[in-house]
Amino acid sequence: MKSCAKREADKKTFMEQVHESKENGYLLSSRKIGSGAFSKVYLGYATQEKLRQNYKLASDLRSKRHSMVAIKIISTAKAPLEYSRKFLPREIYSLNATYKHINIQLYEMYRNNRRTYLVLELASRGDLLEHINATSDRRECPGLEEEEARRLFRQIVSAVAHCHNVGIVHRDLKCENILLDERGFIKLTDFGFANRYSLKNSLMSTFCGSVAYTAPEILMSKKYNGELADLWSLGVILYAMVTGKLPFKERQPHKMIQMIKQGLSFRQPISPECQNLIQGLLQLKPGARLGLQQVATHCWMLPATSAIFHQALKATGRPPELSPALEKPLRLFAARSGELGQASRGSRQGNQSPCRPSRLPCTGRLPRPSRNGSQGP
Ligand SMILES: Nc1ncnc2c1ncn2[C@@H]1O[C@H](COP(=O)(O)OP(=O)(O)OP(=O)(O)O)[C@@H](O)[C@H]1O
């Protein structure tokens, strides 16, 4: 139980935050909507005066017909220096560099020597993890229906492609960092581990994110390509969406590697197209993973093309490789029909091997994995 002194101190801090927010044009409510390692996120409201001053904020909130925002308060005085000097600036840079897409918009920032305030677009329907668990409970069947998973995954792929196109790798893609707004659109968030890269093939060495979503090359402490590591995480997210479970779950990285090497299994009926896409992303070798363009034009993402998949499967016993000749019209078709978001640059030849029979996945509801620390650049 909190001591009386602690409660008083918390109350004083909150009142200071209310005051500092008001000075900057926002009314801070006492409704806490989330918290992170060094931050608390509150529901806030833009004042009329603020709306008159900030055109971007005003036009966005007008389209939403409310004045609510999420105010993320980071207590820089309490956070480690490394966080304030390295990760927070990266988060702000990434939010600014990618805001024109479907990730969370950073409307504004204000700060003093104790705290930094990020005024963010409100995503009022919680995170993807909560959504998967709630839907699983309602359906009495783990996971989302493939149709819904497809709708959400297309948006996620499009958001990640947008990040990669502007030279940003997220490095902490997981269901908890994908929020849903009131219209059911996804909002990519938590760019605390995001990083810039200037050379497409430059390698990184920082261990970021959560073990369950982390690419094996990072778990093995190898230098890694951030884009390819994001692709692995996308495979874990898709698996989690359609099965309601994590594909591999171990606390210890070396045990995770063993599990990954034993391969994937699907214990419930998932369409062969979807299994094929997940397999294409969850490739042990980073270079063998499907590229974002291949993901966006995969037959599971474009159901109209699944006849081709089935014909090839029937004729050869193998799913088809997308030939360059087929890829272009599919992309055009996808773009026209709105099935494809912004395409990422570059296309890798992914390994589209048929599904391997393998070990059992973890069971039960999707847990919230704990985050790893991070060292290095
Ligand atoms: N824009 C938003 N709208 C609604 N809720 C939000 C928003 N941003 C953050 N949250 C909520 O607050 C929680 C913490 O936010 P966020 O993940 O950005 O903080 P963090 O300090 O980076 O967290 P962590 O230490 O877990 O990485 C989120 O999980 C989410 O539930």
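Any value given below was found using the heavy atoms of this structure, including those in side chains, with hydrogens, waters and symmetry copies removed. Order of appearance sets the numbers: ligands from 1, and atoms from 1 within every ligand.
Proximity to A70 (heavy-atom distance under 4.0 Å) selects the following atoms of ligand 1: 1 (N), 2 (C), 3 (N).
Considering backbone and side-chain atoms together, A37 places an N or O closer than 3.5 Å to an N or O of ligand 1. Residue S39 has at least one N or O atom closer than 3.5 Å to an N or O atom of ligand 1. Between A123 and ligand 1, an N or O atom pair is found at a separation short of 3.5 Å.
Between M68, K32, K72, K40, it is K72 that holds the heavy atom closest to atom 20 (P) of ligand 1. With D127, L179, V119 as candidates, the residue nearest to atom 30 (C) of ligand 1 on a non-hydrogen basis is L179.
Between N177 and H170, the side chains place no donor N or O within less than 3.5 Å of an acceptor N or O (distance only, hydrogens not considered).
Within 6.0 Å of atom CD in E145, 12 or fewer heavy atoms from other residues, nucleotides or ligands are found, so the atom counts as exposed in its surroundings. Enclosure of atom NE2 in H19 is not indicated, since only 12 or fewer non-hydrogen atoms of other residues, nucleotides or ligands lie within 6.0 angstrom.
Under 4.0 Å from ligand 1, not a single heavy atom of S124 appears. Of the heavy atoms in E121, only backbone atoms (N, CA, C, O) come closer than 4.0 Å to ligand 1.
Ring planes of F248 and W232: parallel class, angle under 30° (limits at 30 and 60°).
Under the ring-ring contact (aromatic ring centres under 6.0 Å, His included) criterion, the residue pairs touching residues 116-147 are Y110-Y117, with sequence neighbours excluded. Sorted by first and then second residue, the pairs that involve residues 17-37 and meet salt bridge (Lys or Arg N to Asp or Glu O under 4.0 Å), not counting sequence neighbours, are E20-R114, E20-R115.
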